[in-house]
Novice: 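So that we are looking at the same thing, I have put the structure below in structure tokens.
A note on names: the letters A, B, ... follow the listed sequences, proteins ahead of strands, and every chain is numbered from 1. Only a predicted model underlies this, so the values are computations on that prediction, with no experimental measurement involved. Heavy atoms only: backbone and side chains are in, while hydrogens, waters and symmetry mates are out.
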Protein chains: 2
Amino acid sequence: MELKAMTIGKLSSRAGVKVTTIRYYESIDLMPQPHRSESGQRIYDETSVERLSFIRHARDLGFPVESIRDLIDLQSKPDQDCASVDAIARRQLANVRYRLNQLEALEAELKRMIAACEGGSVENCTVLACLSDHNNCREDEHGRLNGLLEG
Amino acid sequence: MELKAMTIGKLSSRAGVKVTTIRYYESIDLMPQPHRSESGQRIYDETSVERLSFIRHARDLGFPVESIRDLIDLQSKPDQDCASVDAIARRQLANVRYRLNQLEALEAELKRMIAACEGGSVENCTVLACLSDHNNCREDEHGRLNGLLEG
DNA sequence: CTTGCCTCTACAGCCGCTGTAGAGAGTAAT
DNA sequence: ATTACTCTCTACAGCGGCTGTAGAGGCAAG
Ligand SMILES: [Zn+2]
Ligand SMILES: [Zn+2]
Ligand SMILES: [Zn+2]
Ligand SMILES: [Zn+2]
């Protein structure tokens with residue numbers, strides 16, 4: 001009796017990626033077409049686990065699928081200069097930082113509008129006032145006018 | 001000659017929301033059906049500008065459409081207690097903070113893997129090494145093992 | 001009248017999956 | 001061998017929040 005073949009479910013649990021997602025990755029050619037058993041079930045090996053884990057880690061870090069595709073391509077050219085790999089990573093870092101800045105601004109504004117509200121009727125809710133008009137929130141954060149209603 | 005009616009393009013520029021997006025908001029009943037001119041063009045008024053600006057500001061702050069729907073409903077009940085408004089805002093703040101934490105972890109790991117790379121061949125690139133195995137990055141950030149390859 | 005932009009509808013596509021339906025395959029216990 | 005249960009298969013629709021396209025018609029200035 002041979003070693004039991006690795007089916008998609010096994011690969012799924014080993015790499016921490018859902019079965020449907022694996023099939024999706026295959027459909028977009030991010031994972032290669034695996035061998036099939038006689039009955040048509042997908043059969044994987046250790047390299048599949050590695051590749052899928054790589055993809056998963058990159059996705060966890062927010063790399064878009066297209067970048068991952070490029071990274072995998074580069075991985076198969078070990079003698080090349082790694083500058084292009086690093087460039088992809090830096091691009092991703094820039095992207096993350098951009099989103100981070102956005103979110104920090106959102107957090108600040110949300111915090112202010114919530115802190116300003118002392119309860120009461122919807123009519124006097126500062127949250128709605130801020131949403132209706134950004135000027136109702138002091139300390140401008142995402143553009144437009146600023147400081148018109150100080151005090 | 002009457003005042004010129006506000007068509008969708010005018011509303012678009014006044015509220016800073018694309019024409020197609022306005023039509024989309026109408027299709028999902030976030031914006032009400034506007035009046036139409038004889039030839040069938042959408043005609044808006046000042047309340048449309050206000051409502052659309054409100055929506056835009058809330059979207060800028062990351063509120064999901066469903067929350068905005070709820071906020072608009074609440075806005076039309078000015079005598080009610082604003083607790084439910086504030087709850088929606090706090091939920092959104094929690095959401096933003098969650099994403100912020102995620103992104104901070106991503107930033108840290110990306111920064112580390114990029115900083116560690118001193119150039120050279122793809123084969124020795126720390127970026128790819130980290131992506132291949134999270135353990136290759138010290139200071140664990142999103143789960144699994146830590147500190148196995150110190151020094 | 002022509003030019004050129006604006007508006008209309010209806011529908012497909014984006015990303016990165018997730019869920020569904022309906023069928024067949026594999027495994028374990030009775 | 002039968003039942004019961006899980007796993008796997010394909011194909012396709014749906015999520016959120018838009019964006020883009022095609023092909024048609026409206027409208028104001030030169
Ligand atoms: Zn309030
Ligand atoms: Zn604002
Ligand atoms: Zn490198
Ligand atoms: Zn990691």
Novice: Quick one, which residues of residues 88-95 of chain B touch DNA chain C with a heavy atom under 4.0 Å?
Specialist: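 Here the set is empty: none.
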
Novice: Would you say A:L100 and B:L106 are hydrophobically clustered, going by side-chain heavy atoms of ILVMFWY under 4.5 Å?
Specialist: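 A:L100 and B:L106: one cluster.
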
Novice: When you compare the side chains of A:Q75 and B:S132, does any donor N or O come within less than 3.5 Å of an acceptor on the partner?
Specialist: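 Present: a donor and an acceptor within the cut-off.
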
Novice: Write down the atom of B:V127, the atom of B:C117, and the distance for their closest heavy-atom approach.
Specialist: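 Residues B:V127 and B:C117, closest heavy atoms: CG2-CB, 4.5 Å.
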
Novice: Between B:H35 (side chain) and B:R42 (backbone), is there a donor-acceptor pair under 3.5 Å?
Specialist: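 Not at all, since once roles are kept as given, no pair shorter than 3.5 Å links the two residues.
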
Novice: Nearest heavy-atom pair of A:S67 and A:R91: which atoms, and what distance?
Specialist: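 Taking A:S67 first and A:R91 second, the nearest heavy atoms are OG-NH1, 3.6 Å.
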
Novice: Indicate yes or no: does B:R69 engage B:E66 in a salt bridge with an N to O separation below 4.0 Å.
Specialist: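 A salt bridge is present here (some side-chain N lies under 4.0 Å from a carboxylate O).
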
Novice: Report yes or no: does A:R90 contribute a side-chain atom to a donor-acceptor pair with the main-chain N or O of A:A94 at less than 3.5 Å?
Specialist: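 No, the answer is negative, given that no donor and acceptor are paired below the 3.5 Å cut-off.
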
Novice: Provide, to the nearest angstrom, the distance between the NZ atom belonging to B:K18 and the P atom belonging to C:dC6.
Specialist: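 For the pair B:K18 NZ and C:dC6 P, the rounded distance is 15 Å.
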
Novice: Output the rounded distance in Å from CZ (A:R56) to P (C:dG16).
Specialist: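 Atom-to-atom, A:R56 to C:dG16, this comes out as 16 Å.
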
Novice: Would you be so kind as to tabulate the donor-acceptor pairs closer than 3.5 Å made by side chains of residues 77-87 of chain A, with sequence neighbours excluded?
Specialist:
{"residue": "A:D81", "atom": "OD1", "partner": "A:A83", "partner atom": "N", "Å": "2.7"}

Novice: Between which nucleotides of DNA chain D, read 5' to 3', does contact with chain B run, using atoms under 4.0 Å from its heavy atoms?
Specialist: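 Result: D:dG17 to D:dC27.
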
Novice: Should the pair A:E46-A:R14 be classified as a salt bridge under the 4.0 Å nitrogen-to-oxygen rule?
Specialist: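 Salt bridge present between A:E46 and A:R14.
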
Novice: Give the residues of residues 21-40 of chain B touching DNA chain C, defined as any heavy atom closer than 4.0 Å, sorted by residue number.
Specialist: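 The answer is B:R23, B:R36, B:G40.
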
Novice: Measure the distance from NZ on A:K10 to P on C:dT27 and round it to the nearest whole Å.
Specialist: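 So the two atoms are 14 Å apart, to the nearest Å.
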
Novice: What pair of heavy atoms forms the shortest contact from B:L61 to A:M113, and how long is it?
Specialist: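 Looking at all heavy atoms of both residues, the shortest contact is CD1-CE, 3.7 Å.
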
Novice: State, to 0.1 Å, how close A:V65 and A:I28 come at their nearest heavy-atom pair, and which atoms those are.
Specialist: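 That would be CG1-CD1, 3.8 Å.
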
Novice: Going by side-chain hydrogen bond (donor to acceptor under 3.5 Å, both in side chains), name the residues that satisfy it together with B:S76, two or more places apart in sequence or in a different chain.
Specialist: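 With neighbours one apart ignored, the set is empty.
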
Novice: Does the side chain of B:D45 pick up a donor-acceptor pair with the side chain of B:S48 at under 3.5 Å?
Specialist: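 Note: B:D45 and B:S48 side chains meet the donor-acceptor criterion.
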
Novice: Could you run down the sub-3.5 Å N/O contacts of the protein with nucleotides 3-5 of chain C?
Specialist:
none

